[in-house]
Amino acid sequence: VLTRSPNVTTAVPAKASFKGPAAWAVVRPPEGGWGTDAQFDAEALARDDARDVECFQAWMTFLEVNAQMNVAKPAGGEEAQVRRVLDEVLLAPLEKIRALRPDLGPRVDVLEADVFRQVGLLDEAATRYERALKTAPGLREARFGRAFFVDLARWTGASEAVPFPQAIERVLAVEREPGPDVYRRDAAAAAHGVLLYKSGQFAEAVKRLEPLAARYPMHRVLNMALSHARECVLPWATEKQRRIRDEKLTLPRARLSTSRGEIDVELFQDDAPNAVNNFVWLAQKKFFDELAWHTSVPYFMAQSGDPFSKEGADASLVGLGGPGYAIRATANDRLPFRGTLAMIQTGAGTAGSQFALLTGTALHAKDRVMVFGRVIAGQ
């Protein structure tokens, strides 16, 4: 209920249940009374009871399997495999419910949509939400899910990204759309706030997200974005002062020549000397030559530095490669703002050669990366 405000529950006056029967809705018999000649088909009732028991058992199976499974978001060619697991294990009980109780079809559609969007199969989720709305146009869960779980994810980076200004204008245009769909407009407003945060406009993001977070207090993505935007306001002011200081230090710079253009970076030799020395040494040894950007997430990061991403290497190992050693990257308090350069690490002393260019602010990753530079041209 909390996730889909504004909530409309009943038309019963407040505290009516404490006022006694006079304040309640009264059930009146039809003209001539209820009658006493009702006939009950005991066998039909028994069949209905058995069907409901079977339906309930299927529901309990779904809950049990859903609690035990940890189906990850598919990567690369894994989508068919993940889809097969979902169909055969997790969705089978829901389809059984649909067969037993066709009248529950829209509810089953919403449940299946939730399953698909949790593993990142947004097209499948959208299809289920839309099918539910075609049958039951007033189903709030379907309208909310379509807007806040599918559209919001797409607008903020789950699909191919467009540059931030165009992305922001796109969601503002949706927010201006006429019509009664408050969820779609609110989701567009939330996407605007998230994009402001990811692009580095933190104070503006806080102002945009605060009223929405109050309205939808249980929406995790929205509230996390607000929390991170608030947390970035003061550090960003400090970061800008540091960059003024860095200009006077004549820090080392590097140029990344890629198939899509050149990127110039400034390296924080003073704040991350071990990481910078390692990066420079690997570059001088031509370790990075011909490697791919093996991971790219819109409005988050592009990742490289894995020798298994080179043509002819074992593609099944992409993401696991390194230089054959690990370094203890010097801890510092520079945060992963948009445009920063960061070493990928899974804990202290685990950095190697993999690095990321942050294409969007990613405060949630601050404990998994170590910032050692920033883009100064080619963002």
Side-chain angles (χ1 to χ4, degrees), residues 72-79 120 122 153-154 156-164 166-167 195 198-200 252-268 272 275-276 278-327 329 334-346 350-366 368-379:
K73 182 176 181 178
E78 298 175 1
E79 183 171 327
L122 296 183
R154 284 173 169 167
T156 57
S159 56
E160 184 177 355
V162 298
F164 277 107
Q166 289 93 315
L195 290 170
K198 289 187 175 186
S199 65
R253 295 182 175 185
R255 172 164 292 170
L256 286 67
S257 297
T258 81
S259 56
R260 295 196 181 182
E262 294 182 337
I263 305 166
D264 292 340
V265 296
E266 182 178 69
L267 305 174
F268 299 151
V276 170
N278 177 67
F279 183 79
V280 170
W281 185 81
L282 288 171
Q284 290 174 339
K285 297 296 182 182
K286 301 187 182 301
F287 181 88
F288 299 120
D289 289 10
E290 306 305 322
L291 300 188
W293 298 93
H294 61 272
T295 300
S296 178
V297 181
Y299 307 129
F300 176 23
M301 60 90 175
Q303 186 173 334
S304 188
D306 184 347
F308 290 123
S309 69
K310 185 176 291 188
E311 187 174 350
D314 188 345
S316 67
L317 298 176
V318 170
L320 303 176
Y325 62 83
I327 66 169
R334 299 192 85 146
L335 296 179
F337 296 115
R338 175 176 183 252
T340 53
L341 190 65
M343 296 296 299
I344 304 297
Q345 54 185 8
T346 56
T350 62
S353 59
Q354 292 200 38
F355 66 94
L357 285 174
L358 277 297
T359 56
T361 299
L363 197 64
H364 67 282
K366 67 179 180 180
R368 291 183 282 128
V369 301
M370 209 284 293
V371 173
F372 70 99
R374 70 182 181 97
V375 175
I376 55 176
Q379 177 72 31

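Starting from 1, each residue takes its place in the sequence as its number. In this text, all values refer to a predicted model and were calculated from it rather than measured experimentally.
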Worksheet entry | Partner residues of R253 under the side-chain hydrogen bond (donor to acceptor under 3.5 Å, both in side chains) criterion, sequence neighbours left out | none
Discussion item. According to side-chain hydrogen bond (donor to acceptor under 3.5 Å, both in side chains), who are the partners of Q345, at least two apart in sequence or on a separate chain?
Written reply: none
Response to the item:
Sorted by chain and residue number, the side-chain contact (heavy atoms from CB on, under 4.5 Å) partners of S259 (sequence neighbours excluded) come out as none
Practice prompt. Please test L256 against E262 for side-chain contact (heavy atoms from CB on, under 4.5 Å), starting from the C-alpha separation and ending with a verdict.
Written response: CA-CA 6 Å; L256 286 67; E262 294 182 337; over 6 Å; no
Worksheet item: Is there a side-chain contact (heavy atoms from CB on, under 4.5 Å) between T359 and F164 once you walk through the steps?
Response: CA-CA 10 Å; T359 56; F164 277 107; over 6 Å; no
Practice prompt. Step by step, work out the side-chain contact (heavy atoms from CB on, under 4.5 Å) result for F337 and L358.
Written response: CA-CA 7 Å; F337 296 115; L358 277 297; over 6 Å; no
Worksheet entry | A153 versus L122, closest heavy-atom pair with distance | CB-CD1, 3.9 Å
Do any side-chain atoms of residues 310-318 form donor-acceptor pairs under 3.5 angstrom with protein atoms, and if so which ones, sequence neighbours left out?
residue, atom, partner, partner atom, Å
D314, OD1, S316, N, 3.1
D314, OD1, S316, OG, 2.6
D314, OD2, S316, OG, 3.4

Can I get a per-line list of side-chain donor-acceptor pairs under 3.5 Å for residues 279-301, giving both atom names and the distance, sequence neighbours left out?
residue, atom, partner, partner atom, Å
H294, NE2, Q354, OE1, 3.3
Y299, OH, V162, N, 3.2
Y299, OH, V162, O, 2.6

Show the atom names and distances, to 0.1 Å, of all donor-acceptor pairs under 3.5 Å that link a side chain in residues 369-379 to residues at least two apart or in another chain.
residue, atom, partner, partner atom, Å
R374, NE, E266, OE1, 3.3

Discussion item. Could you check whether any side-chain N or O of K366 sits under 3.5 Å from a backbone N or O of P336, counting only pairs where one atom can act as donor and the other as acceptor?
Written reply: no
Practice prompt. Given side-chain contact (heavy atoms from CB on, under 4.5 Å), test F355 with L341 step by step and report yes or no.
Written response: CA-CA 7 Å; F355 66 94; L341 190 65; 3.7 Å; yes
